[in-house]
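Some notes on the structure that comes next.
Chain identifiers are assigned alphabetically (A, B, ...) following the order of the sequence lines, protein sequences preceding nucleic acid strands; residue numbering begins at 1 within each chain. When reading the values below, keep in mind they use all heavy atoms of this one structure, side chains included, and skip hydrogens, waters and symmetry mates.
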Amino acid sequence: MSFLSDLNKAQQKAVGHTNGPLLVIAGAGSGKTKALTHRVAHLIAEREADPSNILAVTFTNKAAREMKERLELLLAKNYAENKYAQSWSSLDQVHQRQIRSNIYQSTTKDLWIGTFHAIFARLLRFDIDKYLDPEGLSWTKQFSIYDESDSLNLVKEIITQELQLDPKRFEPKKARWSISKAKNYGWTADQLEKEFEGHNGKLSAELYRRYRRALAANNALDFDDLLLLPVQLLQQNEAVRNYWHSRFRHILVDEYQDTNRTQYELLKLLTTNGVSPKNYTNWKNRSIFVVGDADQSIYSFRAADFTILMGFQDDFKNHSQENKDKIMVKLEDNYRSTSTILKAANSLIENNKERIDKVLKATREEGELIKLTRCDDEISEAEAVIHRLRLTEANNYNLKWGDMAILYRTNAQSRAIEESLVRWGIPYVVVGGLRFYDRREIKDILAYLKLLVNKNDSLSLLRIINVPRRGIGKTTIQRLTDASSQLGIPLWEIVTDTEAVRSLAGRSAKGIFEFTQLIESLDKELINSSPSIFIQKVMERCGYLNELIAEATEEAEERRQNLQELVNAAIQFEDENEESDVSGFLASAALASDADKKDTEADRVTLMTLHSSKGLEFPAVCIVGLEQGLFPGYRSLSDPSALEEERRLCYVGITRAKEQLFLFHANERRLWGGMREPAVPSIFLSEIPEELIKGDLPLSGGTSLRRQKNLPRLTRIDRKENTSSKKERSFSSPSNAIRRQSKEWNVGDHLIHNSFGKGVVTHLFGSNERRSIAVKFDGMGPKIIDPRLAPIESINEEQLS
DNA sequence: CCGAATTTAATTTTT
DNA sequence: TTAAATTCGG
C-alpha cells in the first residue's frame, strides 16, 4: 500500500477510491496533483486497471507532461523497492534509467494523458471517417488543425471575399466569437440566428454555415470542432461509442472547474456510454474521478462553467446512494502557503456569493506580512518590483531568482517590467504572450507541412505559395482562388493543372510550377522521414533558410534560430512519442501553448499572466497593477459575475505564493503610447484584512522618460478626419465584370477540343484582354483553358446531337 | 510584382 | 508603443 502511505486522511480516501464517481474538491496547494498521480499509480499497481484503460485529462500540455513524469518516477521508485528492496536514490544512474525505460514500455506509454483537445484530436485520428455530418460535410484522417489565427483568417476571407462585406461593419473578430459560442453551446446555424437576433443574427448564421463548409473544404478543424465532432460522433455511432467506453474504464479529470458543457458531454458519453449518469449502475471496474476548485474557475470566457463542478454530486448521485457526500472528498489542508497568505486568500474569496463553502486550513507557520507598494506610474511600479525582489534576494540566502514570479492581468503589462529587469541585469523569462508556434517563420514552415499532409488545406497553400518570393502576385492569386471557389475544386488541384495555370497565371506561371514541383518532390520523401529531418529538408529545399542567411540582419538571424528551435521541438516530440509522424507533430504544435515549453532549469525570475500561473507555486510572488479597471478589468466593473471571476483570478494569484507576497498598484498608468490614465486602488486590496498588510512608503517616482506631450492628441484628431474622408469600399461583384465581356465565349457555349473532345463552357475568368474559360468535358472534371491557345473550336448545339 | 512608406487600430485572460 | 494593413513609386 505504498501509494497511500504518505498521504493525509482525505487524500487517502480520494486515492483509494476504486469504483464509481468521485468529486474531489481540492483547494489551492492541498496536494491535488499528488492525489491524481498517486491514484493512477495505485490503480495500476493494485491491478485495478490496465494502463490502456486509464484516461487522464489535464488542463495544459505541460501539466500532462509533468504528470507522466511524476508517475513514471513514482512507479520506478516502487519497482526499485519491491524488486531490489533498495531505495531509489541508492541505485546507480544506469540502473535508474533502465528501470524508467521499463516502466515507460510497460506502462506509461499506453496511458492516455493530455488536454481535452489533444485527447480528442487523437480519437478523431482513429474515427473521424465515421462521423456523419448533418449537412453532409466530411473530413479525412489527415485533417489539419486550425489555431485561432488560422480560423480568424478564414472568417476574414469569407467576409471579404465570399460575402463581399466591409470588415469594418461586420467585424471578423466578433463574428469568429459568435461562431465559437455557437459551437460551444452546440447550436445549429438556425439557432445561432435566433440567439443573435437583432445583432446581425442572419449574417452570423450565414457566415457560420459558410465557415463550416470552408473548414470541410480545407479538410480542417478548429479548436471547438476537436470537441464538438467527437460529441456528435459518440452520440450517433453506437459501435464507436462502445469501443471507447469499454476502453477507458477509469477517467480522471484535473481542473474540473474549468470544463465546459461540451467537455462534460464527452466525459458523460465515455463514462456511462450515453446513459443518464443517474441511471448508470454498471460501475464495476469503472470510475470517474474529477478534481477541481470552484474558487479557481477563471476561464468562463472560454465557455468554462464551474456550475458543472457544483452539480457533479447531483448528476452522478445514484438512486441507491442515500448520501451524496459519499461521492465527494474535500482536500482543505494547505501545504503551500504561510497562514498569513492563506488568511488573505480566504478573506478575499469570501466576498464571492457563488461558491461551495470551503476554507483553506493552514499547516504552516504565520510567516511574514504581505507588503503593499503604491507607485506613481507603471515605470516606477516596475522599479519598485525590482527593488523588492533585489531586497528579497539579498535578505534570504536560500531564495534565488528562479523562486520569484511577477504576475499581471494583461500581457501588455510585461513590457515596463522587462525594461527594468534589463536595466538591473536580472535574468528573467516571460511565459505566454506570443506563442512560439505563432511566430511568422514557424507558421510558414508548418504551413508547408500542413499542405504536404493535407492537400486540401488551401489556407496553408495560400500562406506559402509566394513564401519565399516566387514572383506570384496578388492578382494571380486572386484569379486562382476565384477559379477554385467557383468551380468548387481545391486550390491545389488548380495549381497542379499545368494548362489551367498557364491560362490563369500568365507570367507568374513559372513561379507556380516551381512551387508545385517543390511540393511534389518533398511529398515523395514525406513518408520515410522523421518530423525533424523532414522539417530540415523543407526549410532548405524551399529556400527559406538561404533567404534568411542572405538577409544577414539581426532579425533574420533570430528567425533562423527560431527555426532551429522548431527542429529541436520535433526531436523532442520524437523522443516522447514512439510512433511519431509529421501529422502527429503538427497536431501537437497546433495545440501547444507557450506555457508548455520545457522548464529550463536556469535561475530566472518568471513573468506571466495570472491565468497562466494557475497550478504553479513560487516562494515569492509579486502581483502588479492592482487597480480598478485593470485588475479587476474594466469590463467586469459593471457585471457582478464577471467581477467574481476576477476575484477568483486574484485568489489564484495570491495562493501561488509560498512565503512572500508583494502587491503593487500605481496612481496613474499610460495605457498605450502616451495618455496617462489616473487609477484608483483595486477593490480587492480593501478585501484583504488590514492587519495582514504592511504598507510601504510610496516610492518616489523620479524616473526619467517623463514628457508632457500635446502632440499625440493633435495627430490623433488629424487621423480621424482622414478616416472620415476615406472613400467607401466598392461593393461591385465580380460577375458584373464578367457580363461585360464583348466577344467570343459565354457560359453555356459548346465547343470541341482536339484531345478532350466535346465540352460546354461553365465559367469565365478574367476580363476581356486576358480571358480564361472553364470547360466541362465529357467524362472528366472541369478544365481551365486559355481560349486563344487551346486547340478548340466552337460548335453549335444542333451539331451536338 | 516588389518593397518602402505611411497610416491605422488596438488591450483581457488561452486550448 | 507596435504590429498589421494599406498605399505608392519604381
Practice item. May I ask you to verify if any side-chain N or O of A:T609 is less than 4.0 angstrom from the OP1 or OP2 atom of B:dT14? Key: yes
**Study point:** B:dT14 base stacked by A:F301 (centroids within less than 5.5 Å, tilt under 30°)
**Key:** no
Practice item. Select one nucleotide: of B:dT15, B:dT12, B:dC2, the one nearest the side-chain heavy atoms of A:R469. Key: B:dC2
Revision key, fill the gap. A:I512 CD1 to B:dC1 C1', in whole Å, measures 13 Å
Exercise for review: Using the C1' atom as the reference point in each nucleotide, state the distance between C:dA5 and B:dT12 in Å, no decimals.
Suggested key: 23 Å
Check your understanding: Does A:K62 have a side-chain nitrogen or oxygen under 4.0 Å from the phosphate oxygens OP1 or OP2 of B:dT14?
Key -> no
Point to revise | Interatomic distance where OH belongs to A:Y651 and C1' belongs to B:dT13 [whole Å] | key: 20 Å
Review point. Which sits closer to the 5' end of DNA chain B, A:G633 or A:N466, going by the nucleotide each is nearest to?
Key: A:N466
Revision key, fill the gap. Here the distance between atom P of B:dT14 and atom CD of A:E255, to the nearest Å, is 14 Å
Study note, to complete from the structure: Taken to the nearest whole Å, NZ/A:K173 to C1'/B:dT8 is 13 Å
Check your understanding: For B:dT15, does either OP1 or OP2 sit under 4.0 Å from a side-chain N or O belonging to A:T60?
Key -> no
Check your understanding: Any side-chain N or O of A:N411 under 4.0 Å from OP1/OP2 of B:dT13?
Key -> yes
Exercise for review: Check every strand shown and say whether A:K614 touches a base, only sugar-phosphate, or nothing at a heavy-atom separation below 4.0 Å.
Suggested key: nothing
Exercise for review: Using ring-ring contact (aromatic ring centres under 6.0 Å, His included) as the criterion, point out the one residue from A:F301, A:F631, A:Y408 that pairs with A:H611.
Suggested key: A:F301
Practice item. Let me know the distance between CD1 of A:I472 and C1' of B:dG3, rounded to the nearest Å. Key: 17 Å
Exercise for review: Would you mind telling me which residue lines up with the more 5' stretch of DNA chain C, A:K474 or A:R415, judged by nearest nucleotide?
Suggested key: A:R415
**Study point:** Distance-only donor-acceptor check, side chains A:D305 and A:Y264, under 3.5 Å
**Key:** no
Check your understanding: Is the A:Y299 ring parallel, tilted or perpendicular to the A:F59 ring (thresholds 30°, 60°)?
Key -> tilted
Review point. Between A:A505 and A:E646, which is nearer to the 5' end of DNA chain B once each is assigned its nearest nucleotide?
Key: A:A505
Review point. Could you state the OH-C1' distance from A:Y437 to B:dT14, rounded to the nearest angstrom?
Key: 16 Å
Check your understanding: Would a distance-only check, ignoring hydrogens and angles, find a side-chain to backbone donor-acceptor pair under 3.5 Å from A:R435 to A:G432?
Key -> no
Exercise for review: Using whole Å, report how far CG of A:D438 lies from P of C:dA4.
Suggested key: 10 Å
Review point. Counting side-chain heavy atoms from CB outward, which of B:dT12, B:dT15, B:dC1 is closest to A:S508?
Key: B:dC1
Point to revise | Over 12 non-hydrogen atoms of neighbours within 6.0 angstrom of CZ in A:F573 | key: yes
Check your understanding: On a whole-Å scale, what distance lies between the P atoms belonging to C:dA4 and B:dT13?
Key -> 15 Å
Exercise for review: May I ask which nucleotide in the shown strands pairs with B:dT13, Watson-Crick or G-U wobble, both distances under 3.5 Å?
Suggested key: none
Point to revise | Options B:dC1, B:dT12, B:dT15, nucleotide nearest the side-chain atoms of A:F223 | key: B:dT15
**Study point:** Nearest-neighbour nucleotide for the A:Y299 side chain, B:dT11, B:dG3, B:dT14 considered
**Key:** B:dT14
**Study point:** Modelled atom types, side-chain donor and acceptor of A:Y428 and A:E418, under 3.5 Å
**Key:** yes
Check your understanding: Just checking A:E148: base, sugar-phosphate only, or nothing, at a heavy-atom cut-off of under 4.0 Å?
Key -> base
Practice item. For A:T516 and A:I512, indicate whether the former's side chain and the latter's backbone hold a donor-acceptor pair under 3.5 Å. Key: yes
Review point. Any side-chain N or O of A:S636 less than 4.0 Å from the OP1 or OP2 oxygen of B:dT12?
Key: no
Practice item. Round to a whole Å and report the spacing from CZ of A:R435 to C1' of B:dT14. Key: 9 Å
Point to revise | A:R302 vs B:dT14: side-chain N/O to OP1/OP2 distance below 4.0 Å | key: no
Point to revise | Distance below 4.0 Å between A:S612 side-chain N/O and B:dT13 OP1 or OP2 | key: no
